[in-house]
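Have a look at the structure below before the remarks.
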Amino acid sequence: MLVQFKMKNVLSFKEETIFDMTAISAYKEHPSNLIDIDTKEKFLRVAAIYGANASGKSNFVWALKLFRRIVSQSLNNVDDETESVLKKYSRPFSFEENKGNSEFEIVQILGDEEYQYGFEYNSEKIVTEWLYRKNLKANRKVMIFERAMQEVNLGASVRKKCEAYKEQIPSETLVLSFFNKLNLKTDIFKTVYSGIMDILVFTSDDCENTNFLDAILPRIIDNEKEKLLEFLAAIDIGIKDITYKKKEKETLFFTFHKGEDGELYPLNLYDESEGTIKSIMLYIHAHMAIISNYVLVMDELNVKLHPLLLKFFIDLFYNNDSMAQLIYTTHDTTLMDKKFFRRDQIWFTEKDEQTAATDLFSLYDFSIRKDTKVEKGYLIGRFGAIPFIKGGL
């Protein structure tokens, strides 16, 4: 479960920027929108990020993707002649001469423990890196490791198991990535690494890629067709059945619609509307996230979806038996209403006109009355994060 994601000097986020899924305890509305793990704090199941075009919404999604890629790949091409992972994924703020180091940090709750992990890097090396663990029941925080350049200081809980290997860690490789690959008598590195990989990040281009359907949909049809058909019936797009057929190196999918004569007639899945195809893809993503307690991050979720379909999809995450979370960017303001969302679930991005840097902030930063029409206030510019159009055409 994601608690907090922090970044600095990454893409359009010049200054330290914090995105937080911790619920504001003073807000009492929509308790079903929260994850309750019997601790002092509760956490958001869903958060939406609004903002004008080029304000940095998509950069938030890309920053999470860069973070995951560095963690998963920093050990991959050490000492070979290909471009290093750090160089490939170094994206400091562009509009100043001194680029400086970039920084990421994530706070997650995995089981009964809270983990705080982060690193500072540039295109050549890892500058600093750290991992701390806090037991939520005892509220006791311990250091797992701290790194400054090539100097790695190991905490007491892992020192004996890891001390012999720490000198082997290359300057461009994360300590977390390195120890995750080893067969150690501690699972803490694999736990934190897996927790980061369980954040599924999809840019707008990813949502257009049907290769995902070709790989996953046959398994869904074989094992969980009834649930998929229940979803398709609920969104009322006329699909009564769905099947597939293997043909040489490709897989053909067919949906079935009822004709006037009451008979079912097949249609190639890819002849369905783009909205229908995206709905099926989203269902599979949501289903995987909910049954596995993943975090699903999606850019431009509203594209090609009717607002009612968007609401239906979001409502899938208000499942009391799951700790899955959904974070998405959107332009669609129809759900920007306190009937659906708590104030701490609505976030905004706005670009500074002078520096071109992105500011990320939440609706809870504003003092608003309970009867405030949030959508109306947003569209008239009360909360910022809307396009300012100069002159005419």
Test item: Lys14 side-chain N/O and Lys8 main-chain N/O as donor-acceptor pair under 3.5 Å: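 Side chain of Lys14 to backbone of Lys8, a donor-acceptor pair under 3.5 Å: no, none is there.
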Donor-acceptor pair, Lys225 side chain versus Ile242 backbone, under 3.5 Å?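 Side chain of Lys225 to backbone of Ile242: a pair is present.
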Phe348 and ring pair (Phe, Tyr, Trp, His ring centres under 6.0 Å): which partner among Phe19, Tyr364, Phe361, Phe60?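 The single option meeting the ring pair (Phe, Tyr, Trp, His ring centres under 6.0 Å) with Phe348 is Phe361.
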Minimum-distance pair of heavy atoms, taken over all atoms of Ser157 and Ile144: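 Shortest heavy-atom separation between Ser157 and Ile144 comes out as OG-CD1, 3.7 Å.
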Do Arg343's NZ or CZ and the ring of Tyr27 fall within the cation-pi criteria of under 6.0 Å and 45°?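 Checked: cation-pi criterion met.
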Are Ile235 and Tyr283 joined in one hydrophobic group, where the rule is that I, L, V, M, F, W and Y side chains link up if heavy atoms are under 4.5 Å apart?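 Ile235 and Tyr283: one cluster.
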Ile109, Val192: one ILVMFWY side-chain cluster at the under-4.5 Å cut-off?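 Different clusters: Ile109 never reaches Val192 through Ile, Leu, Val, Met, Phe, Trp or Tyr contacts under 4.5 Å.
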Is a donor from one side chain sitting under 3.5 angstrom from an acceptor on the other, for Tyr328 and Asp332?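 No, because no side-chain N or O of Tyr328 sits under 3.5 Å from a partner of the opposite role on Asp332.
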Taking the six-membered ring for Trp and the full ring for Phe, Tyr or His, determine whether the centres of [X] and [Y] are under 6.0 Å apart.
X      : Y      : result
Phe312 : Phe231 : yes
His285 : Phe212 : yes
Phe256 : Phe254 : no

Lys185: side-chain contact (heavy atoms from CB on, under 4.5 Å) partners, not counting sequence neighbours: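 With neighbours one apart ignored, the set is Lys161.
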Counterpart residues, side chain to side chain donor-acceptor pair (under 3.5 Å), relative to Asn153 (two or more places apart):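 Asn153: no side chain to side chain donor-acceptor pair (under 3.5 Å) contacts found.
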Identify the residue among Thr128, Asn101, Leu131, Val71 that makes a side chain to side chain contact (heavy atoms under 4.5 Å, CB included) with Phe119.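 Answer to the side chain to side chain contact (heavy atoms under 4.5 Å, CB included) test with Phe119 among Thr128, Asn101, Leu131, Val71: Val71.
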